[in-house]
Amino acid sequence: MSKHLGSGGGQHAVLVSHRFLFLFGIILLMAMVVPLLDTKESSSLGVSVRYTRKRLIHDVTLPWDETMLRPWLELEVNDTIVHDDDKESLPSVMILLTTYGWNQPNQTLGRTFARTIRERELYSGLVNHPLFHPTGWEDIENNVLEIRNNTNYYVFLDRMSCSESNYPIYGGGHRVNRDYEFGRAPDNATMEWNGYYQYKPPGNLNLEKSRLFFQAANSTASNHLNITAKLVIFDCAGWGDCHGRKAPDIPVSIAFISGMLPQIDEDIDQGLIPPPGKRTILTTKEEESIRSCHCQAETERDFNVVYMGNFRSGRNSDFHTKFGGARSSYKDYHNESKKIFIQVQEPHIKKPAGQDGKELSFTDVLRRTKFALTPRGDNKFSYRFSEVLSAGAIPVYHGDNYVLPFRPELFDWNKCAILLPEKDAGEVAMDYIENKLLQDPETMCSMRKYCYFEIYKKYIETGEKIIDGLVKGLDLTARGHTAKFQGYRCNHTEDLGCNNLR
């Protein structure tokens, strides 16, 4: 009997062994197949988008979002795979990155091209934007990907043009604020500016002869082609001159951090939002207070008017002698009883009575501020502009002839900010704020809500959103929308009270 039992146990053991091997084989097969597929699916409005997880750009130093929905790679409609050249449901906008510098196939050479930390942030947003085609530039040049009709192409160059020397470390200079991740561009004089674009492509790139730009230039009604292609360049130089910075023979849109209206091409150029040195992250409760836009929400902000920073106001000494500086004109308006705080650099503001009495941080002050002064300083732009928007405060800006961030077709800065001439800093601005706006909580609520949700949360909060705003604005102009740049513009023949110098 024991022998019989032993024999049955052996057969059972063999059966279990076979089942184990079968299951192990299935698991092994799945382990082999899944990495090859490496896809996920997401359904929206009846369209299923399948997207590849693996990195498809040459630049190994930029973060790559494996979960990003990328409709240009592959769309699946009604269970049928539809590819790049014939799908009606694909977007009409494609964002591309060239392969001449950081993104070239030879990454040992690619890492010798210098890049600023600000550029790393902007290009991280670029490659993780849903309309970015990671291999599109190369595929079009190699005739692998067809140039689609009725499509607008926005091309970004993988070489330094944003020479931001004050971010994230203010006053740090180019060496401190350069991107050294993954051993990029060793710190020596010969390598520091390798690849610096300067708006005239080095190394004879001949972008106008590229397949995309050549075909776009020859797109006419007679050949039934409707294709536009624009090169988009970042200019982060505060003292830079806007003249003569276009590449020959191709449309170039320059996003200026400190552009001057008389010097730009208003049909195609735009402003670039300054990076916030100290970003405020509002709580869900604080955001809901802004969204609800009820009058009580304005009472939740303790401080009426706040400025924290230096009093430098640029080079035009004759203008400053006559009218005062855009920042220094506010020196005498500090008044704690009116909850107006004008302070140099870090705040010295105590928490309201009944709390622990400690001084508030820079961001804690801004999140409790109604109006925050963001006048131009050494240059026409101000880093405080972005910091104020992130905190849900209403910016008060003075900067004559300044190119405000983004295209004017995208949104209206006048619905968000107080935009006044530099000569009106101080008395005129304070009178307007104290005697009109502070008496009108409904208008304040509306401005704050527009600032925070229609501008900051949509187009500034992340690198991807900044790219989205820049491209959307250009695409609006490409489709026939027109608007004038907002802000105060000098009339050179009559307006002697306008600061038309940097």
Side-chain angles (χ1 to χ4, degrees), residues 238 258-262 271 274 303-335 338-344 366 369-389 393-405 408 412-440 443-444 446-448 450-451 455 484-502:
S258 194
M260 297 279 283
L261 286 171
F303 312 119
N304 288 330
V305 182
V306 167
Y307 173 73
M308 294 172 288
N310 61 58
F311 293 122
R312 300 195 300 269
S313 295
R315 297 177 172 182
N316 195 341
S317 57
D318 291 339
F319 179 87
H320 298 150
T321 300
K322 185 174 182 179
F323 296 102
R327 294 184 177 186
S328 58
S329 294
Y330 286 101
K331 276 184 179 181
D332 298 331
Y333 285 90
H334 180 87
N335 189 327
K338 292 185 175 182
K339 297 184 179 179
I340 298 172
F341 294 87
I342 311 296
Q343 299 183 344
V344 178
L366 287 184
T369 295
K370 294 182 176 74
F371 295 94
L373 305 177
T374 63
R376 58 79 48 87
D378 292 328
N379 306 297
K380 290 292 182 180
F381 76 99
S382 171
Y383 294 106
R384 286 167 190 78
F385 197 77
S386 303
E387 294 168 341
V388 166
L389 290 171
I394 299 171
V396 181
Y397 175 75
H398 303 275
D400 301 343
N401 275 341
Y402 174 56
V403 181
L404 286 160
D412 187 354
W413 279 111
N414 291 302
K415 294 181 179 180
C416 156
I418 300 173
L419 307 173
L420 293 172
E422 292 180 36
K423 65 181 177 61
D424 288 347
E427 182 178 358
V428 173
M430 291 302 296
D431 179 69
Y432 181 62
I433 294 169
E434 289 187 86
N435 297 319
K436 182 174 176 59
L437 291 177
L438 286 174
Q439 312 306 319
D440 187 357
T443 296
M444 284 194 292
S446 177
M447 294 176 71
R448 191 180 318 286
Y450 191 88
C451 272
I455 298 180
K484 289 187 177 181
F485 278 93
Q486 298 104 32
Y488 188 70
R489 185 188 300 260
C490 295
N491 183 326
H492 292 281
T493 58
E494 298 174 6
D495 194 352
L496 301 178
C498 190
N499 184 8
N500 58 9
L501 299 180
R502 289 187 178 277

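What you see is a predicted model, and the numbers here were worked out from it, not measured in a lab.
Side-chain contact between Pro375 and Ser313 is absent, with no heavy atoms from C-beta onward closer than 4.5 Å. Annotation: side chain of Leu437 is in contact with side chain of Tyr432 (closest heavy-atom distance under 4.5 Å). Within the 4.5 Å cutoff, the side chain of Gln486 has heavy atoms near those of the Asp412 side chain. Inter-residue side-chain proximity for Lys370 and Val305 is flagged as unmet; no heavy-atom pair is nearer than 4.5 Å. Side-chain contact between His320 and Asn499 is present, with heavy atoms from C-beta onward closer than 4.5 Å. At a threshold of 4.5 Å between non-hydrogen side-chain atoms, the residues Arg327 and Leu373 do not count as touching. Contact annotation: the side chain of Pro395 approaches that of Leu389 to within less than 4.5 Å [non-hydrogen atoms, C-beta and beyond]. For the pair Val396 and Tyr330, the minimum side-chain heavy-atom distance is below 4.5 Å.
Checked against the 6.0 Å centroid criterion, the rings of Tyr402 and Tyr397 qualify as a close aromatic pair. Taking the ring centroids of Phe323 and His398, they lie at or beyond the 6.0 Å cut-off.
Thr443 is linked by a side chain to side chain donor-acceptor pair (under 3.5 Å) to Asp440, counting only residues two or more places apart in sequence or in another chain. Every residue two or more places apart in sequence or in another chain that forms a side chain to side chain donor-acceptor pair (under 3.5 Å) with Tyr383 is listed here: Glu164. Remark: Lys338 engages Glu434 in a salt bridge (Lys or Arg N to Asp or Glu O under 4.0 Å) (not counting sequence neighbours).
Here the side chain of Trp413 pairs no donor or acceptor atom with the backbone of Phe485 at under 3.5 angstrom.
Taking the six-membered ring where the residue is Trp, His334 and Phe341 present perpendicular rings, their angle passing 60° and hence far from 30°.
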